[in-house]
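All remarks here apply to the structure that follows.
Residue numbering restarts at 1 for every chain, and letters A, B, ... go by the order of the sequence lines.
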Amino acid sequence: MHHLTEQELVRRENLNKLVSAGIEPYPSTTFEVNSFAIEIKNNFADGDQTYQSVSLAGRLMSRRIMGKASFGELQDNTGRIQIYISRDDICPGEDKTLYNDAFKKWFDLGDFIGIKGYAFYTQMGECTIHVTELKLLSKALRPLPVVKKDEDGKVHDAFTDPEQRYRQRYVDLVVNNHIKDVFVKRTRMYNSMRAYLNAKGYLEVETPVLQPLYGGAAARPFTTFHNTLDMKLYLRIANELYLKRLIVGGFDGVYEFSKDFRNEGMSRYHNPEFTQIELYVAYKDYLWMMDLVEEMVEKVALDMHGTTKVQVGENIIDFKRPWKRYTMYEAIQHFTGIDISNMDETELRKTAHELKVHVDNTMGKGKLIDEIFGETCEGNLIQPTFITDYPVEMSPLAKKHATKPGLVERFEAICNKKEICNAFSELNDPIDQRQRFESQLELGKRGDEEAMMLDEDFLRALEYGMPPTAGLGIGMDRLAMIMTNQNSIQDVLFFPQMKPEKE
RNA sequence: GAUUUGGUAGCUCAGCUGGUAGAGCAAUACACUUUUAAUGUAUGGGCCCUGGGUUCGAAUCCCAGCCAGAUCACCA
């Protein structure tokens with residue numbers, strides 16, 4: 001129990017006084033709500049016979065007491081509306097306790113109240129509820145930050161400290177009502193994608209979070225332990241290998257919104273747990289998948305904003321199809337003027353030095369190309385752009401390119417300088433897949449902590465035969481950042497991971 | 001991890017080259033029946049992040065640490 005502040009003590013005293021007066025501070029009750037703040041404000045016109053018997057519930061967020069009458073603001077799920085309370089309306093009899101003592105002294109800002117009354121316009125022209133019945137629904141024992149707007153609309157005492165906002169998101173949501181919009185939009189984004197994929201007939205599935213072997217991506221995992229099985233388990237870093245098993249099993253299209261966990265650094269783009277959607281569709285390849293991504297993301301933008309154009313920071317990003325497409329070699333040539341498509345490792349290393357790209361001796365050909373691309377191209381790609389045909393060394397789960405040796409059939413979509421999706425024609429040749437795993441094991445032995453594990457059961461599944469399959473992963477948090485114009489992943493997660501709060 | 005900025009009342013923040021801790025809002029008390037950042041009068045409220053040091057004296061200067069933000073590098 002922390003030390004109580006003066007204001008917390010006052011609120012506890014107020015609670016006791018309410019109880020003494022026979023007013024239950026936490027009544028067990030339902031309160032029938034028939035209207036909402038913003039709905040009334042948007043629809044009520046002076047003189048209308050509508051909204052003459054309304055019932056609302058929410059927090060009391062401000063109070064202006066003028067003797068026997070008071071104004072205040074009630075904040076419900078939709079927003080705020082002014083309320084007008086006159087003593088003799090809520091206390092028609094001799095007993096004025098509810099107004100004189102309870103409302104004026106013992107209620108506090110932040111308390112949940114239920115009101116009944118009728119809408120009207122004040123002399124100042126503000127849509128207001130004239131309260132005829134007032135009921136305390138739940139007492140608040142801690143003071144909320146009081147954020148105010150002056151007559152020019154300028155905000156005072158804004159609750160902006162990011163640490164407090166993230167740690168006490170409940171306060172952030174109450175006080176900074178616009179924060180809700182970000183999360184409502186995020187859910188709308190999920191709904192839009194679900195609707196799109198369901199309409200195509202793909203099945204939403206669930207696969208294990210606790211995995212005896214982790215796989216499907218290059219990343220360091222979290223480990224945990226199962227007592228009864230007496231075994232080490234990993235929290236998944238991707239769900240790719242399980243979804244492909246389902247394609248082996250005969251589903252033509254499966255997808256999963258997957259909460260994944262990676263034990264790596266944190267930044268404004270990285271949270272230890274994050275969400276991806278992964279989609280696998282049988283009898284398709286990566287070129288087909290590229291069309292799907294364009295179509296789906298364009299639809300998401302339309303569903304969320306009513307237009308394909310989305311403001312992100314200082315840029316307007318247009319998701320209208322078709323998006324630009326470059327092979328990785330073309331992109332590098334486009335932004336540096338250098339054609340690296342026929343270079344060997346030595347020439348690539350020399351080129352990297354000339355371009356002032358930081359490389360080291362452990363890097364092979366594929367990694368060198370990837371570094372050159374990342375340094376010279378990514379930062380230039382604001383509008384959604386597909387980059388295709390990656391070096392095979394970087395893509396142990398992707399199918400070798402049908403016509404281009406050393407490359408795989410893979411693409412990423414880059415948008416606002418960041419990767420938003422990664423997709424390929426899935427490697428379904430079990431012998432090739434085993435060799436790729438084995439070269440990953442070699443990397444692991446050399447100290448690469450992100451190297452993949454060899455998954456015998458996954459190979460067994462492939463040996464039973466997997467149809468040609470296109471696979472896709474989209475970082476939902478990254479996409480949400482773009483679609484809601486937020487600068488940090490913490491702003492699109494309700495509860496971003498934080499260090500423990502000190503006492 | 002590197003660089004950098006910050007941590008003072010419930011909230012937002014002042015506090016200069018060291019000299020008794022400040023404002024607005026919130027809270028408490030009183031007044032006020034159409035206000036709206038309500039108003040007026042009065043009142044209370046502080047481990048100045050933590051620990052060392054310099055000094056007669058530290059919120060302030062120095063060192064170390066903790067926490068957080070921003071930028072950069074790597075994984076989505």
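In the set B:G45, B:A76, B:U34, B:G45 carries the atom at the smallest distance from any side-chain atom of A:Glu6. Residue A:Lys105 places its side chain closer to B:C30 than to any other of B:C30, B:A76, B:A27. The side chain of A:Tyr166 lies closest to B:G69, out of B:U33, B:U35, B:G69.
For the side-chain hydrogen bond (donor to acceptor under 3.5 Å, both in side chains) test with A:Asn239, the passing option among A:Gln276, A:Glu256, A:Lys259 is A:Glu256; the others fail.
Rounded to a whole angstrom, the distance from the P atom of B:G22 to that of B:A31 is 31 Å. Nucleotides B:U60 and B:G18, compared at atom C1', are 6 Å apart to the nearest Å. Spacing of P atoms, B:G52 relative to B:G44, comes out at 33 Å, to the nearest Å. Taking atom P on both nucleotides, B:G46 is separated from B:A23 by 14 Å, rounded to a whole Å. Taking the C1' atoms as reference points, B:C74 lies 24 Å from B:U5, given to the whole Å. Comparing the C1' positions of B:G7 and B:G51 gives an interatomic distance of 16 Å, to the nearest angstrom. With both ends at atom C1', the span from B:A29 to B:U34 equals 25 Å, rounded to whole Å.
Note on A:Asn271: a base of the nucleic acid sits closer than 4.0 angstrom, heavy atoms only. No contact: A:Asp477 has no heavy atom under 4.0 Å from any strand. Note on A:Asn487: only backbone sugar-phosphate atoms sit closer than 4.0 angstrom, heavy atoms only; bases stay farther off. The residue A:Gly67 sits close to a base: some heavy atom pair falls under 4.0 Å. In this structure, A:Ser267 reaches the bases: a heavy-atom distance under 4.0 Å links it to at least one base atom across the strands shown. As judged by a 4.0 angstrom heavy-atom cut-off over every strand, A:Gln490 is placed among residues touching the sugar-phosphate backbone only. Residue A:Ala217 is out of contact with every strand shown, counting any heavy-atom pair closer than 4.0 Å. Looking at heavy-atom distances under 4.0 Å, A:Ile65 makes contact with a base. Looking at heavy-atom distances under 4.0 Å, A:Gln276 makes no contact with the nucleic acid at all.
Evaluation of atom-type donor-acceptor distances gives a pair under 3.5 Å for the side chain of A:Gln7 against the base of B:A26. Between the side chain of A:Gln123 and the base of B:U35 there is no donor-acceptor pair of N/O atoms closer than 3.5 Å. With hydrogens and angles ignored, a donor-acceptor pair under 3.5 angstrom links the side chain of A:Tyr84 to the base of B:U33.
Counting only N and O atoms by type, the side chains of A:Asp88 and A:Ser86 include no donor and acceptor under 3.5 Å apart.
One atom, CZ of A:Arg478, and another, P of B:C74, lie 12 Å apart when rounded to the nearest Å. At whole-Å resolution of the value, CD in A:Glu240 and C1' in B:A76 are 13 Å apart. In this structure, the CD1 atom of A:Ile81 is 15 Å from the C1' atom of B:U35, given to the nearest Å. The interatomic distance linking A:Arg410 (CZ) with B:A76 (P) rounds to 8 Å, in whole Å. Here B:U39 presents its C1' atom at 14 Å from CE of A:Met124, a figure rounded to the nearest Å. With rounding to whole Å, A:Gln486 atom CD is found 16 Å from B:G69 atom C1'. At whole-Å resolution of the value, CE in A:Met66 and C1' in B:C30 are 16 Å apart. Between A:Ile90 atom CD1 and B:U33 atom P there is a gap of 15 Å when expressed in whole angstrom units.
Residues A:Lys299 and A:Glu295 are not paired through a salt bridge, judged by the lack of any N-O separation under 4.0 Å between the basic side chain and the carboxylate.
The local environment of CD in A:Gln311 is crowded, with over 12 non-hydrogen atoms from other residues, nucleotides or ligands closer than 6.0 Å.
Ring-centre distance between A:Tyr121 and A:Phe44: below the 6.0 Å cut-off.
Between A:Tyr99 and A:Phe103, the ring planes are parallel. Angles under 30° get that label, and only those over 60° would be called perpendicular.
Between A:Arg268 and B:U71 there is a side-chain polar atom (N or O) within less than 4.0 angstrom of OP1 or OP2. The phosphate of B:A37 (OP1 or OP2) has no side-chain N or O of A:Lys148 nearer than 4.0 angstrom. For the OP1/OP2 pair of B:A38 and a distance below 4.0 Å, the side-chain nitrogens and oxygens of A:Arg64 include at least one atom meeting the criterion.
Under the ring pair (Phe, Tyr, Trp, His ring centres under 6.0 Å) criterion, the residue pairs touching residues 369-393 of chain A are A:Trp323-A:Phe386, A:Phe386-A:Phe411, with sequence neighbours excluded.
The partner of B:U33 cannot be assigned: no Watson-Crick or G-U wobble pair with both contacts below 3.5 Å exists in any strand.
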Close N/O contacts between protein and nucleotides 11-13 of chain B (under 3.5 Å):
from  : atom 1 : to       : atom 2 : distance (Å)
B:C11 : O2'    : A:Asp157 : O      : 3.4

Go through A:Leu241 and A:Gln211 one step at a time and tell me if the side chain to side chain contact (heavy atoms under 4.5 Å, CB included) criterion holds.
-> CA-CA 11 Å; A:Leu241 302 185; A:Gln211 304 181 350; over 6 Å; no
Tell me, with the steps shown, if A:Arg268 and A:Asp491 meet side chain to side chain contact (heavy atoms under 4.5 Å, CB included).
-> CA-CA 9 Å; A:Arg268 71 186 179 94; A:Asp491 290 317; over 6 Å; no
Starting from the C-alpha separation in whole Å, work towards a yes-or-no answer on side chain to side chain contact (heavy atoms under 4.5 Å, CB included) for A:Leu407 and A:Thr327.
-> CA-CA 11 Å; A:Leu407 300 181; A:Thr327 67; over 6 Å; no
